[in-house]
4 protein chains.
Amino acid sequence: MSDIEPWLAELLRLNDEEEKMTDKQIKIVQAAVEIFSEKGFAGSSTSEIAQKAGVAEGTIFRHYKTKKKLLLSIVAPIMAKLVAPFAVKDFTKVLEADYPDVEQFLRAVLRNRFEFARKHVHVLKIFLHEIPFHAELREQFKDTVAPLVLEKAYKAIRHFQAQGQLIELPPPAIMRMVATSMIGFVIFRFLLLAENDWDDELELERTIQFILHGLTPRQ
Amino acid sequence: MSDIEPWLAELLRLNDEEEKMTDKQIKIVQAAVEIFSEKGFAGSSTSEIAQKAGVAEGTIFRHYKTKKKLLLSIVAPIMAKLVAPFAVKDFTKVLEADYPDVEQFLRAVLRNRFEFARKHVHVLKIFLHEIPFHAELREQFKDTVAPLVLEKAYKAIRHFQAQGQLIELPPPAIMRMVATSMIGFVIFRFLLLAENDWDDELELERTIQFILHGLTPRQ
Amino acid sequence: MSDIEPWLAELLRLNDEEEKMTDKQIKIVQAAVEIFSEKGFAGSSTSEIAQKAGVAEGTIFRHYKTKKKLLLSIVAPIMAKLVAPFAVKDFTKVLEADYPDVEQFLRAVLRNRFEFARKHVHVLKIFLHEIPFHAELREQFKDTVAPLVLEKAYKAIRHFQAQGQLIELPPPAIMRMVATSMIGFVIFRFLLLAENDWDDELELERTIQFILHGLTPRQ
Amino acid sequence: MSDIEPWLAELLRLNDEEEKMTDKQIKIVQAAVEIFSEKGFAGSSTSEIAQKAGVAEGTIFRHYKTKKKLLLSIVAPIMAKLVAPFAVKDFTKVLEADYPDVEQFLRAVLRNRFEFARKHVHVLKIFLHEIPFHAELREQFKDTVAPLVLEKAYKAIRHFQAQGQLIELPPPAIMRMVATSMIGFVIFRFLLLAENDWDDELELERTIQFILHGLTPRQ
DNA sequence: GATGAATGAGCGTTCATTCAT
DNA sequence: GATGAATGAACGCTCATTCAT
């Protein structure tokens with residue numbers, strides 16, 4: 001039995017097909033993630049993936065008819081997972097019950113997605129890199145992922161605006177500020193940071209405070 | 001004489017080698033920028049570039065010994081330009097003389113870099129895409145570009161903190177928030193935005209206010 | 001039980017091994033005939049055959065160790081069948097008893113082989129196509145099939161020449177004319193003809209008359 | 001300068017592009033003809049052709065974008081050449097002036113096409129083999145080649161029928177008999193014959209007499 | 001300086017065949 | 001007997017790069 005990494009298991013569980021995956025198939029995905037994230041899709045060769053996975057090159061094509069389908073099988077599921085927290089049905093109830101103020105809500109979301117990013121850095125990196133070059137990904141994002149999360153996010157924004165906890169900017173503008181700061185935080189933390197003194201807790205809190213100060217009314 | 005696009009002229013002027021560039025060479029760079037930005041470096045072929053540029057394949061290699069050097073000749077100069085505003089010698093004097101408060105300074109910088117981004121979207125897109133895959137670019141950025149701009153930026157931050165115009169966070173943290181919001185704004189505007197009602201002036205101002213509220217002390 | 005087509009049953013009966021053939025084996029042969037005849041041997045893939053036959057790829061190789069042996073198992077038997085009418089022992093007796101004149105003999109042979117061709121078009125097409133590329137087939141034809149039929153055919157030709165019913169050309173020449181016209185007729189009818197008004201009976205008779213006029217003495 | 005074989009020169013002259021063909025290109029075509037005719041199109045590999053031609057594999061694809069286009073560039077021109085004798089404008093005049101009786105006409109055609117076949121055996125073999133598998137070839141044959149030759153042939157047949165030199169069968173039937181015997185002769189001579197005592201002149205004359213006796217009225 | 005034919009390594013993919021289950 | 005995952009050699013084709021003209 002091969003050592004299937006936890007993040008991979010979780011990502012694959014999405015499809016409910018994980019069961020069917022053979023040992024070799026998992027090794028292929030694992031190798032592909034590493035190599036794609038290191039060299040980019042177009043810069044990676046299937047022979048290199050096969051070698052790293054310890055399988056014959058033909059084996060890759062038995063499971064994924066083309067190199068591109070291998071990419072999509074890795075990258076497409078991440079999108080659903082990425083916005084999963086917003087997919088709950090009774091979103092408004094959750095809001096009211098669990099998050100009395102915007103700070104707690106924002107902190108919960110940021111923390112949760114930060115953990116998610118930590119688990120899936122490699123796949124997220126591939127996703128960010130390849131989305132401009134693959135129409136299928138862009139379409140999936142625009143048609144199914146983005147609308148879902150935006151709808152819920154705007155609902156939350158209007159909810160807190162009604163309570164006077166957020167300034168009266170149009171929800172898309174607020175959304176943009178928050179998303180930008182969140183994504184910027186994640187990119188900085190996982191893609192740029194190489195070394196030094198960095199305290200996740202502290203910086204996360206600073207980012208939250210920055211967003212809150214930027215978006216809450218001064219009394 | 002070929003129609004050399006203004007942004008290209010400006011970018012190339014950097015090297016002070018513009019003079020030496022032949023008509024064909026300019027066409028090559030122009031074609032390469034278009035194709036690299038559309039398909040990524042690894043996904044582009046030199047033959048396609050040659051075709052779009054209207055030159056023979058060999059001509060590309062006469063001017064740029066390798067495909068990679070062609071990329072670097074396009075992408076490397078953008079880095080210097082990107083941080084040019086911070087390269088003035090008497091930075092402190094400029095600060096004191098021209099920007100009495102942080103809002104004006106931030107607005108000036110953001111506006112200026114926004115114009116720059118508008119001119120160089122394609123090259124910037126290539127730059128963002130390729131920097132993770134090319135050590136030379138990363139090195140150049142870390143060794144020459146980043147230090148210069150960070151030094152000046154920290155100086156400015158400390159300057160405004162000393163005047164009580166910025167909250168007392170460590171300069172790198174402040175820098176991160178501002179940079180994240182700026183870059184996020186630019187990416188959103190130029191890479192994601194497809195269509196709709198978007199007012200550059202308005203959104204720029206909103207972004208500035210967001211940053212300011214997030215980073216200035218409440219009285 | 002699979003629907004085994006009559007022509008196939010007849011062809012396979014040759015080997016006296018028909019009994020041993022499993023259901024799956026028959027499906028494999030059936031699929032192989034269709035695909036070989038449509039795309040040629042070299043242009044067909046075993047995986048496509050397996051798919052069309054509804055069996056696993058491995059199953060083909062359990063029964064026929066190589067792709068080529070599958071071809072030969074289909075094509076080799078057709079040769080024997082092709083010349084079967086000449087394989088009767090007391091050929092001269094049959095001639096004297098049943099065919100008083102050359103016209104009746106020729107008509108009988110042509111009709112009979114025409115029916116045979118109708119039944120086995122696909123396999124015959126494969127045979128014609130592959131014989132130049134497979135030494136085994138060529139050898140089998142030259143060493144066992146051709147001699148047998150030629151011997152009998154020459155006997156018949158000499159028999160009718162002795163009776164003054166055929167002109168005095170060397171038997172091989174006569175054989176060539178007849179064979180050419182017969183094969184030409186069959187190819188035209190089964191491989192070229194796409195559409196139109198064509199009356200088998202009429203054209204067959206015309207062909208017979210053409211051969212007879214060409215080869216019988218004018219009084 | 002490479003030794004360009006005469007038959008190849010003649011075949012290529014068709015296109016009036018022969019001039020433009022490089023030395024290597026000719027070697028490629030020459031090697032392709034040999035290998036295709038020996039192993040069939042699907043059974044040949046481009047690497048083998050390159051090796052035999054003494055060029056790099058890439059060179060083949062610089063001149064012929066695909067393996068199939070290489071095949072077509074060889075096989076398509078033969079069709080036009082094949083029926084060239086019927087392409088003369090004033091066909092009826094030629095008939096009346098040069099061929100007072102059907103025997104002379106038939107002999108002229110047969111001899112001429114026999115010489116043609118001698119020159120182009122290899123390419124003709126490829127043509128015969130590949131026509132069932134390539135729609136382009138079939139279309140070209142049905143749409144442009146066949147109609148032209150049939151029109152002229154039927155004209156000649158009716159011409160000789162009007163003079164009482166041919167029996168009153170429908171021209172297509174007559175055409176079929178003649179074509180079958182001609183093609184059969186050629187195939188027998190060039191594709192089947194391996195060795196022995198065979199006198200071209202004698203056998204050609206026998207074939208002509210066979211056709212004539214089969215198709216001319218007995219007085 | 002510019003060309004484009006030529007190269008050969010390497011690409012993604014398919015293939016006939018094997019073998020543990 | 002039947003399966004289908006696995007193989008790795010070979011396929012058609014593209015690539016960045018060279019060099020004689």
Side-chain angles (χ1 to χ4, degrees), chain A residues 20-25 27-28 42-51 53-70, chain B residues 20 22-25 28 41-51 53-70, chain C residues 20 22-25 28 42-51 53-70, chain D residues 22-25 27-28 41-51 53-70:
Chain A
K20 294 170 202 160
M21 268 197 150
T22 68
D23 197 42
K24 303 231 161 188
Q25 209 171 148
K27 277 185 190 156
I28 289 168
S44 309
S45 81
T46 49
S47 82
E48 197 185 353
I49 294 171
Q51 204 179 340
V55 304
E57 209 169 342
T59 308
I60 293 179
F61 290 92
R62 165 159 296 278
H63 294 290
Y64 307 91
K65 307 206 89 162
T66 64
K67 186 189 172 195
K68 184 155 192 176
K69 276 178 186 158
L70 171 58
Chain B
K20 295 172 202 158
T22 70
D23 197 41
K24 304 228 160 192
Q25 211 168 343
I28 289 169
F41 173 72
S44 308
S45 79
T46 50
S47 81
E48 197 185 353
I49 294 170
Q51 204 181 338
V55 304
E57 282 202 63
T59 309
I60 292 179
F61 290 89
R62 167 155 301 279
H63 294 290
Y64 309 91
K65 302 203 81 160
T66 66
K67 186 189 172 194
K68 185 153 193 178
K69 278 179 185 155
L70 171 57
Chain C
K20 294 171 205 161
T22 69
D23 196 41
K24 304 228 160 190
Q25 209 166 351
I28 289 168
S44 308
S45 81
T46 49
S47 81
E48 197 185 353
I49 293 171
Q51 204 182 339
V55 304
E57 282 202 63
T59 309
I60 292 180
F61 290 90
R62 166 156 302 278
H63 293 290
Y64 308 91
K65 303 202 79 157
T66 65
K67 186 188 171 194
K68 185 155 194 177
K69 277 178 185 157
L70 170 58
Chain D
T22 68
D23 197 42
K24 303 231 160 186
Q25 208 171 149
K27 277 185 188 156
I28 289 168
F41 174 72
S44 309
S45 82
T46 49
S47 81
E48 197 184 353
I49 294 171
Q51 204 179 342
V55 304
E57 209 168 344
T59 309
I60 294 179
F61 291 93
R62 165 160 296 277
H63 294 290
Y64 307 92
K65 305 206 91 162
T66 65
K67 187 188 172 195
K68 185 155 194 176
K69 276 179 186 157
L70 170 58

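Below, chains carry the letters A, B, ... as their sequence lines are ordered, and counting in each starts from 1.
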### Summary
Closest to the 5' end of DNA chain E, once C:Gly58 and B:Gly58 are matched to their nearest nucleotides, is B:Gly58
### Message
Testing the basics here: between A:Ser44 and A:Lys67, what is the closest heavy-atom pair and its distance to 0.1 Å?
### Response
O-NZ, 2.9 Å
### Query
Does the side chain of D:Val55 come within less than 4.5 Å of D:Ile49's, by heavy atoms?
no
### Query
Counting only side-chain N and O atoms of C:Ser45, is one of them less than 4.0 Å from OP1 or OP2 of E:dT14?
no
### Task
Of all the heavy-atom pairs spanning A:Ala42 and B:Gly43, show the shortest one and how long it is.
CB-N, 3.8 Å
### Task
Identify, between D:Arg62 and D:Phe41, the residue whose nearest nucleotide on DNA chain F lies closer to the 5' end.
D:Phe41
### Query
Any chance NZ of C:Lys68 has more than 12 other-residue heavy atoms, nucleotides or ligands included, within less than 6.0 Å?
yes
### Query
Mind pulling the stems DNA chain F is in, i.e. runs of at least three Watson-Crick or G-U pairs, everything under 3.5 Å?
E:2-21 with F:2-21
### Message
Between B:His63 and B:Thr22, is the side chain to side chain contact (heavy atoms under 4.5 Å, CB included) condition met? List the steps.
### Response
CA-CA 10 Å; B:His63 294 290; B:Thr22 70; 4.1 Å; yes
### Note, B:Phe61 side chain near B:Thr46 side chain (heavy atom, < 4.5 Å)
yes
### Task
On DNA chain F, check which nucleotide each of D:Glu57 and A:Glu57 is closest to and give me the residue with the more 5' one.
A:Glu57
#### Entry: For A:Tyr64 against A:Lys69, the heavy-atom pair lying closest together
CD2-O, 4.2 Å
### Message
I need the CZ-P distance between D:Phe61 and E:dG10, as an integer number of Å.
### Response
18 Å
### Query
Base, sugar-phosphate, or nothing: which does C:Thr46 touch, judged by heavy atoms less than 4.0 Å apart?
base
### Query
Closer to the 5' end of DNA chain E via nearest nucleotide, is it D:Gly54 or C:Ser44?
D:Gly54
### Query
What are the two closest heavy atoms between D:Ser47 and D:Glu57, and how far apart are they?
N-OE2, 3.3 Å
### Query
Got a second to check how far D:Thr59's OG1 is from D:Gln25's CD, nearest 0.5 Å?
10.5 Å
### Query
Is the shortest side-chain N/O distance from A:Lys65 to OP1 or OP2 of E:dT14 below 4.0 Å?
no
### Query
Between which nucleotides of DNA chain F, read 5' to 3', does contact with chain C run, using atoms under 4.0 Å from its heavy atoms?
F:dG1 to F:dG4
